[in-house]
Structures are given as C-alpha cells and as structure tokens.
A.B. asks: 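Structure in structure tokens, see below.
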Amino acid sequence: MSSLQPVRGTHDLLPETARRHRAVIDIARRVAECYGYQEIATPIFEFSEVFKRTLGDTSDIVTKEMYSFTDRGGEQLTLRPEATAGVARALISGGLSQQLPLKFFCHGPMFRYERPQKGRLRQFHQIDVELLGVAQPLGDIEVIALGAQILRELGVYDRVVLELNTLGDTESRQAYRAVLVDYFKAHRDRLSEDSLGRLERNPLRILDSKDEGDRRLVAEAPLFTDFLNDASRDFFAAVTAGLESLGIPYKLNPRLVRGLDYYCHTAFEFTTEALGAQGTVMAGGRYDGLVAMMGGPATPGIGWAAGIERLAMLLAAETPAIRPIAVIPVGAAEEAAALRLTESLRRAGITVDLGYGGNLGKRMKRANRMNASAAVILGEDEQARGVAAVRDLDSGEQEEVPLNALRDHLARYR
RNA sequence: GCGGGUGUAGCUCAGGUGGUUAGAGCGCCAGAUUGUGGAUCUGGAUGUCGUGGGUUCAAGUCCCAUCACUCGCCCCA
C-alpha cells in the first residue's frame, strides 16, 4: 500500500461510486422539483459563529467535531458540519424573508471531525431539503412525504422505517425537561457515566441510552406525552393524520431525540437495519426557533438531511456507465477520417470512444472493455465506397452503413 | 474521545511452532490472431509483506509504537 494516503475519514469518489452518488442526487433533485423545491447551494464554510450559535454550545458537533480554522485575514471559519445553518444564514443575508414560504433543495459535502466507521466519514455528502416560513403541520407532512418519495424512487423504501416523535413546543419541552432532570437527579446513583454527562448537556438523550441500568430507569420515567400542551398535542395529531391519509407508515418512537438544540415539534428519522450502527439514512425535524436565534426575523422551518454515502450503499441496482460507440480506423490511413467522424458524432450528442492507438484487434478489445454497444469500423474498402462497417457488439452482427446515414443508424444503440 | 478486530500483488486471499530467491485465483500486459472483440491456449510483469523501532545468527511470522480500515460505545447523515 502506498504511503500516499488520503486524509483520515476522506474518500475518493471513483467512477463507480461517483455514478451512484450522482444517481442519488439526480433522483432527489427531480423528486424535490416535483414538490416545488428549488435547488440552491451555499458555501461549504461559514464564520464559525453561524454554527456555534445555532447548534448549541453543548452539542457534540460544536464541542468536538467542527473543522475550524483561522484564515489569513484572522477570521474564524468552520467547514460546515450540516446544511441547515448555512441555508438559514442565506435566508437572512439574502433578505429572502420577503418571499416566504421558500422551498429549497441542496446537496454537497459536510465535515465532521469524528472517528470514522462504515457509513461515518469526516467528509461526507448530504442531500438536504428545507421548507421555510410554514408554521402549519402541512409543512411537516409535505417534507416527510417528499423524503419518503425519494426513498421510494431510489428503491430503498422497503428497507427503511420511518420513526416519528414530537418534541413539543418550547413550553412543553421545558416543562418536561425540568421534570425529567428532577427525576434523574433523584436517581443519580443509578445512572451510567455517559448519562450523568447527558444530564448536564442534553437530558432528553438519556431516554435513548443503550445502557441496561439506564433503560430500567427510563422505563419508570415520566412520559413526554403527559407534558405536551394542547397546541403541541394538536399539532402532532395533525401531522400523524396527514401521514396516514397519504399512506405513509410510521413508528412512534418516544425516545427519538434530535441532537441539535434548534429542533421542536416533529422529529423523524428513516432508519435501516442494513448499515450496522449507522442506521440513520435520512433525518430531520422542525426548527421554528433557528432563524430568530441567528438574529433574523422569526421564521418557522422544517427540513431533513440524508447521507448520500449511506443511501448509495443501500442502492441495490448497479448504475452502469453510458455505453459508447467505438470508432475504429483499420489502418493509419483512416485515422484522420475516424477522428472527423468521431467529432461529428460527438457533436450530435452520441457518446463515442476513439482509441488512441493499436491495430484493429487491440481496438476491438478496447471497445469490448469499454462496454461499447457497437463498433464503427473504417477501412480502405469502406472509405472508397463511402460506407462504414457497423458491428453490433452484443450480437456480433455486422452490416455496412453509408456514412451519411450513420448518425441515424446509431440511434438504435442508445 | 473509549474498547475489540484486521493490514501480504490492482482485487479476494494462502503463507503450522521464526529458517535461503514470498504464493494462488481473478484482473492486467504480450503472443497465437498486423481487417474483427467476448471464449480458449501460451508466455510475462507487478510487492518498500501498512509504517517505524526492537528481540534474534535469522522476522511476512515474535514484541512495542504509529497510521489506516473495520466492529461496538459516544454521537450522528
């Protein structure tokens, strides 16, 4: 193995993988457009403040996972660990609040300084959807339905489960949080070490602990549903009713808690068993407080992000490269004509491979290796008669086609 | 950040208890086949044995460190 290694947790997207990624992005973009979402792109780095302020000082992302650096001008910058904060910043700095509601789709690399695992990288890629300016449950329903439809079109929907929970509005959440903290503090001695830390940082997370002792304690803990106020309860009921009316099955998971501070009401994750510990394939929720927290006008929002690497790993179907037409000059005398023919076919939008050297046999081998659908063979005879030999590389059948009819003839191989 | 596993050719992997020139299959290259690919046959090339140090007369093999990957925890896409 070479000593030239890529940076830990980063990955080259070689043609086969790149094709899979592109398939995910293309399908997601197309479906998102059907729902009226427009593609945007924000910078892959922002002032560190943008993330610090929105993700919460206690979140793992901010405390230990940010790729931050000082640039030559002394600015504190951070490679984006997620997309939502940047989109919210764009909304504010672009003065887009005048045009609400806004529906955005974007995709690109994200960066987190984590210990890599399968499906967990330091540079990874996400597709992302954000709906801004819609306070009604209809927004939550649309965004989840959009995610479900993308997963369906990708052909992974049957291996994925939609888990759903509500975090309530601020009032409900703070009431519950207080009660929960009291409860766990009363049983502090029975909490795992991890959960003692969570008690300070994000007590709701204890509900999702995998520790045996914690789980026993959690089983006795007060229930969130008992602390939801009427507005929160109604809101969530409307979301679930909407999903049911669309035939989108979901599993209520009262322990589903988002890691980031800005979430409220609907929280959801599409998860799979097929990817080991990194089973979350698409996750999101409502973030009504985010834009205001950044200093913009109070703007409700809801969205999700999905990991392209994780989706690509689930993709069952191969994503083959386009099959080219191979143009093959028999001898050196035909090379110039082959070059001109190749160029004219390419200008007509046909994918053409022209080998760079070798005799007929070598070039045929290359055509085969490139998975070419047909070979257009130009020899001395053919040239003299204004035709080319066209060989179907699947059937092995060969026929002569006049040069001026070639372009139309090749259409059958697309 | 914590704990376990792995690292030999481009890929998948063999290489009992240390012992001379490190192997296989697939792939790659060349030839049989200088106007016809796939199949077959023949031949060929490719390794700082992840890296660095140590033990030893001798290390792919044992020890330590380090890097990367991997499984789990933490957390998350």
Side-chain angles (χ1 to χ4, degrees), chain A residues 1-11 14 24 55 58-65 80-84 107-128 147 192-195 197-198 201-202 205 208-211 256-260 269-272 275-284 303-314 326 328-334 355 358-383 388-398:
Chain A
M1 189 169 277
S2 165
S3 60
L4 272 184
Q5 290 179 327
V7 174
R8 184 178 204 188
T10 67
H11 222 272
L14 300 177
V24 171
L55 299 177
T58 58
S59 74
D60 272 43
I61 291 184
V62 169
T63 54
K64 58 180 197 191
E65 293 178 3
R80 64 182 181 192
E82 54 102 42
T84 308
H107 71 90
M110 307 292 160
F111 305 84
R112 291 183 199 172
Y113 191 86
E114 295 188 280
R115 179 140 170 189
Q117 269 179 52
K118 180 179 176 183
R120 192 165 98 180
L121 305 161
R122 289 188 171 182
Q123 176 178 340
F124 59 104
H125 299 80
Q126 289 185 333
I127 52 176
D128 182 274
S192 68
E193 204 175 315
D194 280 334
S195 285
R198 294 183 178 112
R201 298 193 311 272
N202 191 347
R205 273 247 160 255
D208 203 19
S209 174
K210 282 164 192 165
D211 180 83
L256 174 60
V257 179
R258 312 267 56 220
L260 309 180
E269 282 184 14
F270 286 91
T271 61
T272 178
L275 258 35
Q278 278 67 239
T280 302
V281 124
M282 177 183 283
W304 52 252
I308 296 178
E309 280 83 359
R310 292 184 186 179
L311 287 172
M313 280 191 283
L314 283 181
I328 299 180
V330 170
E334 291 81 35
N359 58 27
L360 180 56
K362 288 243 171 53
R363 287 170 181 267
M364 286 297 285
K365 273 191 176 144
R366 175 183 164 90
N368 202 53
R369 199 169 50 233
M370 304 290 289
N371 193 29
S373 50
V376 175
I377 300 162
L378 279 179
E380 205 177 344
D381 309 356
E382 287 90 348
Q383 276 245 277
V390 176
R391 185 179 182 85
D392 183 317
L393 290 175
D394 291 330
S395 68
E397 281 167 31
Q398 190 164 319

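Quick note on labels: first sequence line is chain A, next is B, and so on, each numbered from 1.
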A.B. asks: Over all strands shown, is D128(A) touching base, sugar-phosphate only, or nothing at heavy-atom distances under 4.0 angstrom?
C.D. replies: nothing

A.B. asks: Are the side chain of Q383(A) and the backbone N or O of E334(A) linked by a donor-acceptor pair below 3.5 Å?
C.D. replies: no

A.B. asks: Could you identify the nucleotide paired to U12(B), looking across every strand shown and requiring Watson-Crick or G-U wobble geometry with both distances under 3.5 Å?
C.D. replies: A24(B)

A.B. asks: To the nearest angstrom, how far is E397(A) atom CD from G38(B) atom P?
C.D. replies: 18 Å

A.B. asks: Measuring only the P atom in each nucleotide, how far is U66(B) from C73(B)? A whole number of Å is fine.
C.D. replies: 25 Å

A.B. asks: NA contact type, G197(A), heavy-atom cut-off 4.0 Å: base, sugar-phosphate, or nothing?
C.D. replies: nothing

A.B. asks: Would you say the side-chain atoms of S192(A) pair up with the backbone N or O of S195(A), donor to acceptor, closer than 3.5 Å?
C.D. replies: yes

A.B. asks: Just call it for I377(A): base, sugar-phosphate, or nothing, with non-hydrogen atoms closer than 4.0 Å on any strand.
C.D. replies: base

A.B. asks: Please tell me which of the listed nucleotides, C69(B), A77(B), C74(B), lies nearest to the side chain of Q117(A)?
C.D. replies: C74(B)

A.B. asks: With a 3.5 angstrom cut-off on both distances, give the Watson-Crick or G-U wobble partner of G47(B), or none if there isn't one.
C.D. replies: none

A.B. asks: Are any non-hydrogen side-chain atoms of V281(A) and L314(A) less than 4.5 angstrom apart?
C.D. replies: yes

A.B. asks: G5(B) and U42(B): how far apart are their C1' atoms, nearest whole angstrom?
C.D. replies: 43 Å

A.B. asks: Roughly, in whole Å, what's the span from CD in Q278(A) to P in C71(B)?
C.D. replies: 7 Å

A.B. asks: Given atom CG of L393(A) and atom P of A39(B), what is their separation to the nearest angstrom?
C.D. replies: 14 Å

A.B. asks: Can you check the distance between U51(B) and A59(B), where both ends of the measurement are the C1' atom (answer in whole Å)?
C.D. replies: 16 Å

A.B. asks: Scan A367(A) against the nucleic acid and name what it touches under 4.0 Å (heavy atoms): base, sugar-phosphate only, or nothing.
C.D. replies: nothing

A.B. asks: Quick one, R120(A) and R112(A) - any side-chain contact, counting heavy atoms below 4.5 Å?
C.D. replies: no

A.B. asks: Just call it for G331(A): base, sugar-phosphate, or nothing, with non-hydrogen atoms closer than 4.0 Å on any strand.
C.D. replies: nothing

A.B. asks: With both distances kept under 3.5 Å, what pairs with C69(B), Watson-Crick or G-U wobble?
C.D. replies: G5(B)

A.B. asks: At 4.0 Å (heavy atoms only), tell me whether R363(A) reaches a base, stays on the sugar-phosphate, or touches nothing.
C.D. replies: nothing

A.B. asks: What is the distance, rounded to the nearest whole Å, between atom CD of E114(A) and atom C1' of C74(B)?
C.D. replies: 10 Å

A.B. asks: Any heavy-atom pair between the side chains of Q126(A) and H107(A) that's under 4.5 Å?
C.D. replies: no

A.B. asks: Measure distances between side-chain N and O atoms of R391(A) and base N and O atoms of G37(B), and say whether any donor-acceptor pair falls under 3.5 Å.
C.D. replies: yes

A.B. asks: Could you give the distance separating U40(B) and G4(B) at their P atoms, to the nearest angstrom?
C.D. replies: 48 Å

A.B. asks: Where the side chain of R8(A) is concerned, which of C73(B), G37(B), C69(B) is the nearest nucleotide?
C.D. replies: C69(B)

A.B. asks: May I ask you to verify whether the side chain of R115(A) and the base of G3(B) hold a donor-acceptor pair under 3.5 Å?
C.D. replies: yes

A.B. asks: So what's G18(B) paired with, Watson-Crick or G-U wobble, going by both distances under 3.5 Å?
C.D. replies: none

A.B. asks: How is E382(A) classified with respect to the nucleic acid when contacts are heavy atoms under 4.0 Å: base, sugar-phosphate, or nothing?
C.D. replies: base

A.B. asks: Grab the CZ-C1' distance between R120(A) and G72(B) for me, whole Å please.
C.D. replies: 10 Å

A.B. asks: Is N368(A) side chain donor-acceptor paired with the G38(B) base, going by distance under 3.5 Å alone?
C.D. replies: no

A.B. asks: With a non-hydrogen cut-off below 4.0 angstrom, is G358(A) in contact with a base, only sugar-phosphate, or nothing?
C.D. replies: nothing

A.B. asks: Just call it for L121(A): base, sugar-phosphate, or nothing, with non-hydrogen atoms closer than 4.0 Å on any strand.
C.D. replies: base

A.B. asks: How many whole angstroms separate atom CZ of R366(A) from atom P of U33(B)?
C.D. replies: 25 Å

A.B. asks: When you compare the side chain of M364(A) with that of L393(A), does any pair of heavy atoms fall below 4.5 Å?
C.D. replies: yes

A.B. asks: Specify the residue among A389(A) and S209(A) whose closest nucleotide of RNA chain B lies further upstream toward the 5′ end.
C.D. replies: A389(A)

A.B. asks: Under 4.0 Å: is that the gap between some side-chain N or O of K210(A) and OP1 or OP2 of C74(B)?
C.D. replies: yes

A.B. asks: Measuring from the side chain of L360(A) (C-beta onward, heavy atoms only), which nucleotide among U36(B), C69(B), G31(B) has the closest atom?
C.D. replies: U36(B)

A.B. asks: Once you round it to whole Å, what is the distance between C1' of A68(B) and CD of Q123(A)?
C.D. replies: 17 Å

A.B. asks: Whole Å only: how far is the CE atom of M364(A) from the P atom of A39(B)?
C.D. replies: 14 Å

A.B. asks: U42(B) pairs with which nucleotide, Watson-Crick or G-U wobble, both distances below 3.5 Å?
C.D. replies: A30(B)

A.B. asks: Between C49(B) and A22(B), how far is it from one P atom to the other, in whole Å?
C.D. replies: 11 Å

A.B. asks: Taking atom P in both U48(B) and U8(B), compute the distance separating them and give it to the nearest angstrom.
C.D. replies: 11 Å

A.B. asks: Both distances under 3.5 Å, Watson-Crick or G-U wobble: report the partner of A58(B), or none.
C.D. replies: none

A.B. asks: Run the numbers on H11(A) and Q123(A) for side chain to side chain donor-acceptor pair (under 3.5 Å), then give the verdict.
C.D. replies: CA-CA 8 Å; H11(A) 222 272; Q123(A) 176 178 340; over 6 Å; no

A.B. asks: Would you kindly compare Q398(A) and H125(A) by the position of their nearest RNA chain B nucleotide and give the one closer to the 5′ end?
C.D. replies: Q398(A)

A.B. asks: What does E309(A) touch in the nucleic acid at a heavy-atom separation under 4.0 angstrom: a base, only the sugar-phosphate, or nothing?
C.D. replies: nothing

A.B. asks: Give a yes/no answer on whether the side chain of R198(A) brings an N or O atom under 4.0 Å of OP1 or OP2 in C75(B).
C.D. replies: yes

A.B. asks: Which part of the nucleic acid, if any, lies within contact of D394(A), taking any heavy atom under 4.0 Å across all strands shown: a base, the sugar-phosphate backbone alone, or nothing?
C.D. replies: base

A.B. asks: Answer yes or no: is there a donor N or O on one side and an acceptor on the other, between the side chain of R310(A) and the main chain of T280(A), under 3.5 Å?
C.D. replies: yes

A.B. asks: Just checking Q398(A): does its CD atom have more than 12 heavy atoms from other residues, nucleotides or ligands closer to it than 6.0 angstrom?
C.D. replies: yes

A.B. asks: Please pick, from A30(B), G1(B), G35(B), the nucleotide with the shortest atom-to-atom distance to any side-chain atom of Y113(A).
C.D. replies: G1(B)

A.B. asks: Quick one: which of C73(B), G3(B), C75(B) gets closest to the side chain of D194(A)?
C.D. replies: C73(B)

A.B. asks: Is any side-chain nitrogen or oxygen of K365(A) closer than 4.0 Å to OP1 or OP2 of C28(B)?
C.D. replies: no

A.B. asks: Mind checking E380(A) for me? I need base, sugar-phosphate or nothing, with any heavy atom below 4.0 Å counting as a touch.
C.D. replies: base

A.B. asks: Considering only the C1' atoms, how many Å lie between C28(B) and G10(B), rounded to the nearest integer?
C.D. replies: 8 Å

A.B. asks: Can you tell me, in whole Å, how much space there is between the C1' of C13(B) and that of U33(B)?
C.D. replies: 34 Å

A.B. asks: Flag this pair as yes if the NZ/CZ of R122(A) is under 6.0 angstrom from the six-membered ring centre of Y113(A) and inside a 45 degree cone about the axis; otherwise no.
C.D. replies: yes

A.B. asks: Which is true for M110(A) with a 4.0 Å heavy-atom rule: it touches a base, it touches only sugar-phosphate, or it touches nothing?
C.D. replies: nothing

